[in-house]
2 protein chains.
Amino acid sequence: MLCTEKGREVTETEFLAAYDPAEYERLSVAVDVVVLTVDEGELRVLLVRRTEHPHVGRWAVPGGFVAPDESLDNAAARVLAHKAGLDGIFLEQLYTFGAVGRDPRTRVVAVAYYALVDAARLAAAAQAAGAVLATVRVAWAGETGGPAEARDPDGAVLPLAFDHPEVLGTAVLRLRGKLDYAPVGFPLLPERFTLRDLQEVHETVLGRRLNRDSFRRRMLASGQLRATGDHERDVPYRPAEFYTAVAALARPAEQ
Amino acid sequence: MLCTEKGREVTETEFLAAYDPAEYERLSVAVDVVVLTVDEGELRVLLVRRTEHPHVGRWAVPGGFVAPDESLDNAAARVLAHKAGLDGIFLEQLYTFGAVGRDPRTRVVAVAYYALVDAARLAAAAQAAGAVLATVRVAWAGETGGPAEARDPDGAVLPLAFDHPEVLGTAVLRLRGKLDYAPVGFPLLPERFTLRDLQEVHETVLGRRLNRDSFRRRMLASGQLRATGDHERDVPYRPAEFYTAVAALARPAEQ
DNA sequence: AAAATAGTGTCTATGAGACACTATAGT
DNA sequence: ACTATAGTGTCTCATAGACACTATTTT
């Protein structure tokens, strides 16, 4: 059952020395990063306008090809840093899109990631990078799933490149699913936030209103929040206390 | 902002005709399929013994390289059919593993899938394919995550190839997570099953005992079960009624 | 009859939703 | 004083766990 060559077994070292990678056809592998935030009750995504073929002029999530000497996670972090100017934020693998005709140039397998960041930081990064923040709309409720649509601030639909409607829809679906059991809301908020801010983030992501009393009890009982003792200022009503997330959401280690 | 060549804009058609895929380095892309079942209170995985370098003699989940003209889903279904003789069973993308050194031959990005099948069918398929069914053990509880280990029927640990301990661990984690909200137990059972069978599957996957009364109520109230009116035979106690899953779990459509 | 599990009914504990009430800021 | 929201306490309802009891088969 072992490989033989001239009547004797070859060792793994000999095999690897003689191995020719061109024996199997290779594919282009890209990472696409869906950078999401919540602002003013809307889910927003960072999009860049394509300046080259294919799909010139259409809008795309930042992406780039994976180099032979970098891991997928590193490639995604590199794309996030170079194309969006963002560093050290929540970043997690989402899904891999590999339909044959998804890129008209050649066969490209895209490993999609999603990143979460607070609205103020993303607004600054988008401006510096020359990107736009588009509102995300999905035509489905709950955890049904399906493509998503991006609109500019005037409500006009932005044409998306490649299969990015599906990529964006998958990111929304993942976010909704995670919010039910994971503290995924915190990366979307600044370090200090009120319970009202947190509830608005949850409601925006889930696309439905939540019960205030129940949400408050559940969050305080979860042990994920630490009260700061500080309160809001200059609000025309009783100021709410600021909280912080008790444990920073750990970045998953490279596989 | 558009590409120019000799002072005029090029159309997308012209661009694609002149596009050279070799401009970017390409990678090998493989699919690995984790085929799982539950039998005798144990989670089992189908493994094949590697007959070629690298990792000759070690055990691996069935895998294969993705051809340029097939989608990832199709490649996974092909591997499942050719290497395990299984067709038309639950198959879903799991996670993509892309660490640089995970394959000693060359850079290989592995898109892992997991498949679920009932124990009797998998036992027959494994025998026909010359594969083994190994018991899966994880050293972690709940949804912690981490690598998994495979043991033969005598309890001896089978050495796994590549990063397959992580791949296997990721599959167990996904299965546990899905069981909480999705009817993922049904693909692991034959068409007709008792509530006891279903509970045993859930307990095995989750790695903990469940409350009988509560499980029964929850399942019957879920609307996912249809009573058949038939009952077990030749059991030394009151025979339980057979149920069927009311809706076959739809295979996700190709992206 | 004994043993073992299926299946039903009921009580209790827990958590979500609803509501009432008090607290605290700006206007 | 008025308004708007923060924060607390309590009631109700739905669901999970626990337990008791009956049903049905083989040995």
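Order of the sequence lines sets the chain letters (A, B, ...), proteins ahead of strands, with each chain counted from 1.
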Any idea how A:His202 and A:Phe215 line up, ring-wise: parallel (<30°), tilted (30 to 60°), or perpendicular (>60°)? perpendicular
May I ask you to verify whether the side chain of A:Arg238 and the base of D:dA6 hold a donor-acceptor pair under 3.5 Å? yes
Find the distance A:Met219:CE to C:dA16:C1' and express it as a whole number of Å. 13 Å
Can you tell which of B:Arg151, B:Glu149, B:Glu42 makes a side chain to side chain donor-acceptor pair (under 3.5 Å) with B:Thr135? B:Glu42
Taken to the nearest whole Å, CD/B:Glu241 to P/D:dT24 is 13 Å
Per the atom types in the model, does the base of C:dG26 pair as donor or acceptor with the side chain of A:Arg233 at under 3.5 Å? no
With a 4.0 Å cutoff (strictly under), does any side-chain N or O of A:Arg216 reach OP1 or OP2 of D:dG7? yes
Given 3.5 Å as the limit, does a donor-acceptor pair link the side chain of B:Trp59 with the main chain of B:Leu46, or not? no
Could you tell me the separation between the CZ atom of A:Phe193 and the C1' atom of D:dA6, rounded to a whole number of Å? 16 Å
Find the distance B:Gln199:CD to C:dT5:P and express it as a whole number of Å. 12 Å
Is B:Glu92 salt-bridged to B:Arg174, going by a charged N under 4.0 Å from an acidic O? yes
Which nucleotide in C:dA16, D:dA6, C:dA6 has an atom nearest any side-chain atom of A:Arg218: C:dA16
Separation of atom CG in A:Asp213 from atom P in D:dT10, rounded to whole Å: 14 Å
At under 4.0 Å between heavy atoms, what does B:Glu232 touch on the DNA or RNA strands: base, sugar-phosphate, or nothing? nothing
For B:Leu195 and C:dG7, give me the distance from atom CG to atom P, rounded to whole Å. 6 Å
In whole angstrom, what separates A:His202's NE2 from C:dA16's P? 13 Å
Parallel, tilted or perpendicular for B:Phe97 and B:Tyr95, by the 30°/60° rule? perpendicular
Nearest-nucleotide 5' precedence on DNA chain C, B:Thr194 against A:Leu210: B:Thr194
On DNA chain D, compare the nucleotides closest to A:Leu220 and A:Tyr237; which residue's is nearer the 5' end? A:Tyr237
Separation of atom CZ in B:Phe215 from atom P in D:dT15, rounded to whole Å: 17 Å
Any donor-acceptor pair under 3.5 Å between the side chain of B:Arg217 and the base of C:dG7? no
